[in-house]
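First comes the structure, then the notes that go with it.
Every number for a ligand or one of its atoms is a count from 1 in the order of the listing.
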Amino acid sequence: MSWEVVIGLEVHIQINSKTKAFCGCSTQFGAEPNTQTCPVCLGMPGQLPVLNGESVQKTILTGLAINADINLESRFDRKNYFYPDLPKGYQISQFTVPLVDGGYIDIPTKDGEKRIGVTRIHMEEDAGKSMHEGLEAVSHIDLNRSGVPLMEVVSEPDMCCADEAIAYLKQLHQLIRFLNVSGGDMEKGQFRCDANVSVRHPGEPLGIRAELKNLNSFRFIKQAIDYEVMRQIELIEDGGTVVQETRLYDSVKGESRSMRSKEEANDYRYFPEPDLPPLRVSQAEVDAIRAGMPELPGALRKRFEGEYGLSPYDADVLTQTRELSGWYEQLVAAHPQDPKRCANWMANELLGRLNEQGVDIAHSSVNAVALAALINRIDDGTISGKIAKDVLDAMIESGKTADAIIEEKGLKQVSDTGAIDALIHDIIAASPQQVEQYRGGRDKLFGFFVGQVMKATKGQANPAVVNERLKVLLAG
Ligand code: ADP
Ligand code: MG
Ligand code: ZN
């Protein structure tokens, strides 16, 4: 009997607001431990939280971008649990009425687009961090992260394999960076995923799920889900039953272990947060946020395919971030004759080199106007496409313009028929055997002569002119 896999994801996203969710402390990553704290985020009794408006706006923006409903009145609740990194003993979250309800994200699958439902997006605050590394017999607590604003995006159990889960996460990750609501840096914990996984036979009701925590890279998420699916199927086929539990994935061992089962599960005893009034936003505020929404990745991709004739692959690469798409549009503005060639030079040549060096486009030493100038030098015959790649290397290294490098290194393409004819005459004189064989019908030798001319000109002869002149002069 066949198995069906069911996956629902909960994603915690750090909102990139300058200050924390309920106090004025900085959210800057990487500061000395406990230097960005105050009585509110340290959980001192009697301190009152004041809600950060920017994080509300960014959560609404995210909701609008996934076609969700915005609740004009939502509520804050306390999620109570004990942990050393949570000094208040509770986390402020939204339980009964979240700010954002519903919505969806369309993902690419091998059978075309699939719509994944989003249940809700609610606001909450992050906890601090326990530090164990380099310490013996003690742990330290850093509360800089305590109170950093988060939004939690909860999906419907609509995904049916690890690949779909990853596709959903990638769409969401791209979206939040496009909207500039989060840096999305997974290594810094700005985008964290819990995966709920169950299996069933087709037509049966939902199976019992396990929740996988501690997933901080796309690769581990896929591995952890695949492992969990196998574990559950084997367990059931061996006559066992899946229990509802939280499991931790160990990426080194490639397996997961139980962290807590339903019986020991946290009973959070949510209750209304008495220190914060209901959150009210007006329809006018929501409309204003909608009006300021940037063009979203999906629309941009379609426009790049339609307006510029890009392949789906190139359109996808160039719309990964707003920096990339903006850079590409500057390039096209500077070289409007051939948007496809622009895409090729940017995606394959420039980005390929920058990726190798671990540099992102925002820090590229070559800007869009400079790359357009290089492409222009191919168009006007000054250099060949092959030489242009060397020029690009030098541009990246030195930050100089294409013209300066072509001049400096004497790379100008030789298109002058007289000079090329003279070279060909020399080569013909030096290779009597080859000439005889070619004239006797060995057409393949034509490449030999092209190679000789290129060698003599260090690749700088105009290939079209070389071909044409060789045909004429070799004919005898
Ligand atoms: P909790 O509050 O315990 O985390 P929720 O009902 O909010 O539980 O569900 C959390 C996530 O689990 C959601 O993303 C939901 O889609 C997913 N989920 C619920 N039931 C299942 C199931 N049987 N199999 C897989 N995922 C599920
Ligand atoms: Mg959960
Ligand atoms: Zn504070």
Task: Atom indices of ligand 1, in the order listed, that fall short of 4.0 Å to a heavy atom of V154 - done: 13 (C), 14 (O)

- [ ] Indicate yes or no: does an N/O atom of N196 lie under 3.5 Å from an N/O atom of ligand 1?
- [x] yes

Open item on the list: Between E125 and K88 (salt bridge meaning N to carboxylate O under 4.0 Å), is one present in this structure?
Closed with: yes

Open item on the list: What I want to find out is whether R115 reaches E113 closely enough, with some N-O distance under 4.0 Å, to be called a salt bridge.
Closed with: no

Task: Numbered atoms of ligand 1 (with element) below 4.0 Å of L206, judged on heavy atoms - done: 23 (N)

Open item on the list: If we ignore hydrogens and angles and just use 3.5 Å, is the side chain of D158 paired with the main-chain N or O of G117 as donor and acceptor?
Closed with: yes

Open item on the list: List ligand 1 atoms under 4.0 Å from G8, heavy atoms only on the residue side.
Closed with: 14 (O), 16 (O), 17 (C), 26 (N)

- [ ] With R78 as the cation and Y90 as the aromatic partner, state whether NZ or CZ is under 6.0 Å from the six-membered ring centre and within 45° of the axis.
- [x] yes

Task: Numbering as shown, the atoms of ligand 1 that approach G207 to under 4.0 Å (heavy-atom distance) - done: 23 (N)

Task: From the candidates R120, M159, E152, R209, the one that places a heavy atom nearest atom 6 (O) of ligand 1 - done: R209

Open item on the list: Testing the basics here: between T59 and V100, what is the closest heavy-atom pair and its distance to 0.1 Å?
Closed with: O-CG2, 3.8 Å

TODO: Compare every heavy atom of G8 with every heavy atom of M159, then report the nearest pair and how far apart it is.
DONE: CE-CA, 4.3 Å

TODO: Would you list the pairs meeting ring pair (Phe, Tyr, Trp, His ring centres under 6.0 Å) in which at least one residue belongs to residues 212-254, sequence neighbours left out?
DONE: H173-F218

Open item on the list: Counting the benzene-type ring for Trp, do F271 and F95 have ring centres under 6.0 Å apart?
Closed with: no

- [ ] Start with the C-alpha gap between R257 and E255, add the side-chain angles, then the distance that decides, and say whether salt bridge (charged side-chain N to carboxylate O under 4.0 Å, His left out) holds.
- [x] CA-CA 7 Å; R257 60 174 196 280; E255 55 186 46; over 6 Å; no

Open item on the list: When you compare the side chains of Q14 and S182, does any donor N or O come within less than 3.5 Å of an acceptor on the partner?
Closed with: no

TODO: Examine V197 against ligand 1 and note whether any of their N/O atoms are separated by less than 3.5 Å.
DONE: no

TODO: Before signing off on this row, confirm whether P157 and ligand 1 have an N or O atom pair separated by under 3.5 Å.
DONE: yes

- [ ] Just jot down the ligand 1 atoms closer than 4.0 angstrom to any heavy atom of E156, in number order.
- [x] 16 (O)

- [ ] Quick one: name the protein N/O/S atoms under 2.8 Å from the Zn ion (ligand 3), chain by chain.
- [x] C23 SG, C25 SG, C38 SG, C41 SG

Task: Residues K389 and D393 bridged, charged N to O under 4.0 Å - done: no

Task: Region of L9 that comes within reach of ligand 1 [heavy atoms, distance under 4.0 Å] - done: backbone

